Number of protein chains: 2
Amino acid sequence: MNLKELSRHLGLSQSTVSRALNGYRDVSADTRERVLEAARRFGYSPNVNAHRLATGQSGAIGIVFPSGNDPLLDPLFTDFLSGLTNSAARRQMDVLVSASFDSAEASYRRLAQRRSVDAVVLSGPLVADPRVSLLDKLDIPYVVHGRTRAPHPYAFLDIDNEGAFRQAAELLIGLGHRRIGLVNGDLRQSFAVDREAGWRSALLAAGLVAPDALNDSDVMTDEAGYRLTAGMLSSETPPTAVICSSIFSAMGACRAIRDRGLAIGSDISVIAHDDGISSIRPETHNPPLTTTFSSIHKAGERIAEMVADLLGGKAASASQEVWPVDLIFRDSTRPPARA
Amino acid sequence: MNLKELSRHLGLSQSTVSRALNGYRDVSADTRERVLEAARRFGYSPNVNAHRLATGQSGAIGIVFPSGNDPLLDPLFTDFLSGLTNSAARRQMDVLVSASFDSAEASYRRLAQRRSVDAVVLSGPLVADPRVSLLDKLDIPYVVHGRTRAPHPYAFLDIDNEGAFRQAAELLIGLGHRRIGLVNGDLRQSFAVDREAGWRSALLAAGLVAPDALNDSDVMTDEAGYRLTAGMLSSETPPTAVICSSIFSAMGACRAIRDRGLAIGSDISVIAHDDGISSIRPETHNPPLTTTFSSIHKAGERIAEMVADLLGGKAASASQEVWPVDLIFRDSTRPPARA
DNA sequence: TTAGGTGCCAAAAGCGCTTTTGGTAGGGCT
DNA sequence: AGCCCTACCAAAAGCGCTTTTGGCACCTAA
């Protein structure tokens with residue numbers, strides 16, 4: 001059942017039926033009702049490919065997966081994608097996931113040139129990310145989840161990573177900690193750099209040093225969290241508290257602490273960044289973990305809205321948001337044990 | 001730059017250029033080379049929407065997200081999707097993720113009717129999943145990741161859940177365990193039912209009972225794993241070993257065991273199912289966890305191939321695979337402590 | 001009365017491809 | 001010479017929609 005058949009059934013022209021369905025005003029309320037009713041009855045729904053060809057819009061948001069079994073590809077992505085997709089669906093848009101089986105650049109170029117998506121979202125930006133310049137050059141609207149160094153304004157949604165980790169460090173300092181470790185994510189990603197900056201500035205502001213021995217980074221897995229934390233604990237000046245960049249790193253950090261016969265909270269304080277994924281909740285741990293919290297799902301939802309705004313003509317420079325991060329105090333942070 | 005311009009530049013007709021680009025044979029090698037060269041030089045790539053309208057194919061595989069913040073929506077999905085997308089990209093296909101902001105049924109119906117995808121993959125099938133009949137009725141090719149009850153043949157890729165959990169239970173029985181707990185996933189999903197069957201059959205075959213007190217199920221989160229395991233451990237006849245349906249449940253199970261002052265391995269044996277996600281690896285735990293292992297990433301890759309085969313005309317009844325599951329013995333499984 | 005709206009609708013021209021149709025030129029065969 | 005076959009290519013007809021164009025009828029204001 002297509003437009004032509006439907007209009008023949010109704011005894012109307014294709015254009016009238018099309019206008020009726022799309023809510024234009026040059027159609028009487030009466031005619032419109034008849035058309036809508038018939039469309040329902042015949043189970044008509046427009047061919048999306050024809051619609052796209054005619055309008056020049058694809059009605060889809062693109063996002064590119066890192067290729068292969070990338071360790072950066074973490075479970076958080078699901079939650080983000082879920083939010084993005086939900087919110088996009090509410091605006092009649094789809095999300096097209098594309099893999100970079102050759103290079104990420106090639107994928108973006110393909111998406112842009114073939115016009116298979118109207119806009120793309122870029123997640124996990126690096127400190128200076130060539131993809132941003134590329135997208136700018138390709139002249140396709142885009143929103144970055146995070147921030148990067150770029151010579152031009154661009155639309156982004158980021159959380160206040162620096163502020164969050166500064167606050168976390170300040171909390172620990174306030175409790176009396178002096179040696180605070182940072183178990184960070186991969187430093188090529190800009191959020192990790194921002195978090196380090198937050199951690200460092202809190203320490204320096206308190207007149208403390210921010211030693212390299214207490215500042216380490218790697219992928220945000222349980223295993224790496226364990227390894228980094230174990231390394232710090234066996235250093236000459238072990239930390240009395242650690243701040244972890246993800247709930248996964250924190251799981252590893254907690255194991256490392258326990259394996260050393262120490263107790264979380266009373267011996268070593270732990271703060272983790274929590275993106276709000278449901279499979280691991282910090283509040284159900286023993287002891288419940290203090291966290292910096294920001295829902296990555298909500299970020300995905302908001303980004304779809306921002307994309308829609310951008311497509312609606314909003315300027316990229318007006319589409320920049322930095323979300324504050326909640327610091328949620330639980331039992332894994334206590335004053336340091338008396339040395 | 002479109003086909004028309006390109007062909008004008010070359011002094012050829014659109015059809016010839018099209019045929020040259022698409023590798024038909026009615027074009028001389030010489031002409032083809034000229035065309036390809038020009039396409040490269042002008043950076044021409046075909047408009048995907050026009051291509052789709054003309055061919056009636058969308059070149060995309062659809063997959064529907066569960067709506068909202070569904071707890072079934074777990075991090076495993078990312079890995080699956082990543083595999084699917086990679087493999088699809090190798091075949092020039094995209095993956096369209098669609099959300100069900102109203103109902104899942106409506107989403108599938110939309111995808112099918114608007115012809116925005118050529119095929120869909122259905123993941124996380126329920127024991128008797130209405131979506132499968134729906135897809136069958138909608139007459140769109142589909143591949144199920146998992147199995148379900150259906151009156152007609154359908155394409156699927158599943159792992160041998162029953163066999164895996166039977167083997168796991170047999171291993172524990174062989175070590176001398178008599179009370180083996182099952183920390184299962186949501187029983188609405190068919191893999192959970194299969195795993196229970198495997199667990200049960202191993203116990204019965206060994207002349208043991210499969211008591212309800214040692215058989216519990218819930219979402220596969222750390223929290224639920226903790227709760228279920230803690231429940232079993234405080235029952236009248238606590239298990240000496242538990243089998244967990246996911247690495248996340250297993251994390252919770254391990255916590256519950258430790259919180260009770262027991263040691264994993266020597267006091268309580270633990271086996272987990274491992275889907276191979278990188279953020280939590282069972283082999284790096286202390287002690288390393290014995291697992292039933294099957295890469296969900298690879299499953300995603302294979303399913304994209306199956307979709308391609310299906311679109312190429314292969315019968316659904318010939319597209320059915322059940323993958324064996326590896327049982328990887330590590331240190332979390334030992335003979336039970338003497339009572 | 002007449003010019004100018006306005007509400008309604010049909011016809012037709014695109015959107016950028018693929019694919020069918022048909023036609024020409026040359027070579028081999030009878 | 002006459003025929004068919006093959007290799008190559010152009011023209012044109014779709015694919016199913018949107019949007020422009022224009023036409024008709026009726027109504028209002030000058």
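Every chain is numbered from 1, with letters handed out A, B, ... down the list of sequences. Not measured: the values here are computed from a predicted model.
Listed pair Thr31(A) / dC9(C) meets the phosphate criterion, a side-chain N or O lying under 4.0 Å from OP1 or OP2. In this model, the phosphate group of dA10(D) is approached by a side-chain N or O of Ser13(B) to a distance below 4.0 Å at OP1 or OP2. Regarding contacts with the backbone of dT19(D), a side-chain N or O of Tyr24(A) is found under 4.0 angstrom from either OP1 or OP2.
In the model, Ser15(B) has no side-chain atom that pairs as donor or acceptor with a side-chain atom of Ser18(B) under 3.5 Å. In summary, the side chains of Thr16(B) and Ser13(B) do present a donor paired with an acceptor at a separation below 3.5 Å, with no hydrogens or angles considered. A donor-acceptor contact under 3.5 angstrom links the side chains of Asp136(A) and Tyr142(A), judged on distance only.
End-to-end axis angle of the helix from dT1(C)-dA30(D) to dT30(C)-dA1(D), using five pairs per end and rounding to 10°, comes to 50°.
The listed nucleotides are dA10(D), dC8(D), dT18(D); the one nearest the side chain of Thr16(B) is dA10(D). In the set dC17(C), dT19(D), dC17(D), the nucleotide with an atom closest to the side chain of Leu3(A) is dC17(D).
When each of Asp26(B) and Met1(B) is assigned the nucleotide of DNA chain C bearing its nearest heavy atom, the one mapping closer to the 5' terminus is Met1(B). Place Ala54(B) and Arg19(B) on DNA chain D by their nearest nucleotides, and Arg19(B) ends up nearer the 5' end.
In Phe42(B), the CZ atom is crowded: over 12 heavy atoms of neighbouring residues, nucleotides or ligands sit closer than 6.0 Å.
At a cut-off of 3.5 angstrom, the base of dA11(D) holds at least one donor-acceptor pair with the side chain of Ser15(B).
Rounding to whole angstrom units, CZ of residue Arg52(A) and C1' of dC15(D) are separated by 15 Å. Nucleotide dA7(D) holds its P atom 16 Å from the CG atom of Asp30(B), rounded to whole Å. At whole-Å resolution of the value, CG in Leu6(A) and P in dC17(D) are 9 Å apart. In this structure, the CG atom of Leu10(B) is 16 Å from the C1' atom of dC8(D), given to the nearest Å. Residue Gln14(B) contributes atom CD, which lies 8 Å from atom C1' of dG16(C) at whole-angstrom precision. One atom, CG of Leu21(A), and another, C1' of dG16(D), lie 13 Å apart when rounded to the nearest Å. In this structure, Arg8(A) places its CZ atom 14 Å from P of dA10(C), rounding to the nearest Å. As rounded to whole Å, 12 Å separates atom C1' of dA7(D) from atom CZ of Arg32(B).
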- Where do Asp139(A) and Arg109(A) land on the salt bridge (charged side-chain N to carboxylate O under 4.0 Å, His left out) test, with the steps shown first? CA-CA 10 Å; Asp139(A) 198 31; Arg109(A) 187 164 271 129; over 6 Å; no
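In summary, the aromatic rings of His145(A) and Phe156(A) are positioned with their centroids too far apart to meet the 6.0 Å limit.
If you check every strand for non-hydrogen atoms under 4.0 Å, Asn49(A) touches nothing. Residue contacts shown for Ser18(A) include a base, since a base heavy atom lies under 4.0 Å away.
Applying side-chain hydrogen bond (donor to acceptor under 3.5 Å, both in side chains) to His297(B) and the options Ser87(B), Ser82(B), Ser278(B) leaves one that passes, Ser82(B). None of Arg188(A), Arg149(A), Arg147(A) except one satisfies the side chain to side chain contact (heavy atoms under 4.5 Å, CB included) rule with Val127(A); the exception is Arg149(A).
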